[in-house]
Amino acid sequence: MSAQKETLGFQTEVKQLLKLMIHSLYSNKEIFLRELISNASDAADKLRFEGMAKPELFEEDPELKIRITFDKDARTVTIADNGIGMNREEVVANIGTIAKSGTKAFFEQLSGDAKKDANLIGQFGVGFYSAFIVADKVTLTTRRAGETVATRWESHGEGEYTLEQVEKAGRGTEIVLHLKEGEDELLNDWRLKGIVRKYSDHISIPIEMKKGAGYGENGEVTNSDELEVVNSASALWTRSKNDITDEQYQEFYKHVAHDFTDPLAWSHARVEGRQEYTELLYIPSRAPFDLYDRERKQGVKLYVRRVFIMEDTEKLMPHYLRFVRGVIDSNDLPLNVSREILQESKDIDAIRAGCVKKVLGLLEDLSANQPEKYAAFWKEFGQVLKEGVGEDFANKERIAKLLRFTTTASESEEPTVTLADYIGRMKEGQDKIYYITADTLAAAKNSPHLEVFKKKGVEVLLLTDRVDEWVVGSLFEFDGKQLQSVAKGALDLGKLEDEADKEAQKQVEEASKPVVEKVQKALGDKVKEVRATARLVESPACLVAGEHDMSAHLERMLKAAGQKIEGSKPTLEINPEHVLVKKLAEESDEARAGDLAAVLYDQALLAEGGKLEDPASFVKRINKLMLELSA
Ligand code: ADP
């Protein structure tokens, strides 16, 4: 078959990425080498894994390695590996398209401001394309292990690439970077070796380079073609903690996590006991763009005795810790462990439980000793960690202690209050942790339900994250104190209420029987019940959900998510002390009383963020009342 050259177009997003990346990452251009070496190392991992079942894939070349060379005259730098390689389909799928889900949405976030975008791009991961930071032409030649034909991919990074079928003796991938004008400093032995040592020392296979310039026995300058290994070439996590610098931990993170930024914190331990394993787990400093994408990959890699087995499995980390990155290397699991075996494995359950404890321990340590770092963590991942309260029964208490809230006592909107802080500030006689859920902080803060709590100086948690309903639905109590919604059930302030309060409530109920009946009649079956309340101070009315009903907020969220639910009817509580309610009590015209009652109900619904069933009628009634006022 003749080797025909074919020209193909990049996916739109790739074009965008290339352009942006070249502009925004230029100041950090040496990272291209780290990215390409990282890919080569992954390719070696994949071959080692596939080679367990098919040893013939090694093609009598079992020593996995990476080689870097340069050619001063041709002005090229070449990175070659003998890893798994790619066939034609894989080249098209991997280099030329971005298959990550959520890519489109990600690109819509880009602003055109190079600095901001550089940050975002780091979060997205640029990988192979970073070659175009320093090269104006890239030639990638690759042959998949076990196959005979090789593929050459070539591009100037400007919208198109060519594909060609070629011969290649060794398996794996070779990438030739034709350097841009002005990048000649890279054609230097010391410079390249320096970059490799700085960013890629942790790579577990040897990175070879020619010995290059040196001095011979008699002091003469030599130029040796002999190869030397430039990196430490041992898996970082197998080394002793004392032998690893922070910089090395950070660089290794960037490799395993495909992230550009330094991690926030890490935990590295060799665990002995029933299961022997090493874990090196990282908390990133920034949430990836697809944290909420259901299809996103999990970030912890499983190794068995240094051999990479798999990533992307929920068996290693629970869903609520899906932001954790790193490596777990087991000494006991069989090398041929499959996803199916993992699914059933008690051993992996034990490893996972141990690693979850390590991560929670790391977070506890941050929260106790590095509050600023913990605040940064909370900002990025707090909402995800919250899911754990419902997901991880065994660690519920520990997770609850890690939660942070904004409350009515907070000075800023930052969530900094722990449940323990809250309990420490509880009023005498208070035996519950009060909370309110709402769509926004403003809606929560100004809710009529808070009025009596403000009056009594009782702190209330303001819950505005979507996940909060799930949290309060799972965490019924903390430290023996029950969590209580302020918008559910009859107001029960327990011992916070003194005799005078109770007496007042009783009198209010007695005295307002007629107006309650009037409103009840006007609203009919819109509400379950109407009752007079002492919980309101400034507002005329509010809606209250039944003690065991779904909260109105949750009901709205579920409806917005497209779920059909039969909402339960709320109770309307009215404040007999309010002038409007007094007016209503005095109103003898039945139609006007009906209008006033309907407005009270609609207002109460609006005040808690609800949606009116019939907004036009509401407007009409308000206008009518306003006209009467001015008449
Ligand atoms: P990422 O590494 O984040 O997936 P890249 O753009 O760096 O993104 O690479 C895309 C894909 O191309 C990789 O996931 C891998 O499948 C493939 N690839 C890149 N470099 C190599 C290589 N040296 N050998 C084999 N496959 C490679």
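Because only heavy atoms are used, hydrogens play no part in the values below, and waters and symmetry mates are left out as well, while side chains stay in. Remember, it's 1-based here, ligands and their atoms both numbered in the order they're listed.
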Review point. Looking at Tyr277 versus Tyr303, is the centre-to-centre ring distance below 6.0 Å?
Key: no
Point to revise | For Ala43, atoms of ligand 1 separated by under 4.0 Å from a heavy atom | key: 24 (N), 25 (C)
Point to revise | Asn94 contact mode with ligand 1 (heavy-atom cut-off under 4.0 Å) | key: both
Review point. Quick one: do Lys210 and Asp225 make a salt bridge, cutoff under 4.0 Å?
Key: yes
Check your understanding: More than 12 heavy atoms of other residues, nucleotides or ligands under 6.0 Å from NZ of Lys358: is that the case?
Key -> no
Check your understanding: Is there a heavy atom of Lys46 sitting under 4.0 angstrom from any atom of ligand 1?
Key -> yes
Practice item. Can you label the angle between the His202 ring and the Phe252 ring as parallel, tilted or perpendicular, going by 30° and 60°? Key: perpendicular
**Study point:** For Gly127, the ligand 1 atoms whose distance to one of its heavy atoms is below 4.0 Å
**Key:** 7 (O)
**Study point:** Reference residue Arg143; test salt bridge (charged side-chain N to carboxylate O under 4.0 Å, His left out); the match among Glu59, Glu90, Glu174
**Key:** Glu59
Review point. Is it the side chain, the backbone, both or neither of Glu35 that has a heavy atom closer than 4.0 Å to ligand 1?
Key: neither
Exercise for review: Closest by any non-hydrogen atom to atom 20 (N) of ligand 1: pick that one out of Asn39, Asp81, Leu140, Val14.
Suggested key: Asn39
Check your understanding: Are any of the N/O atoms in Met86 less than 3.5 Å from those in ligand 1?
Key -> no
**Study point:** Any Ile207 side-chain heavy atom under 4.5 Å of Ser200 side chain
**Key:** yes
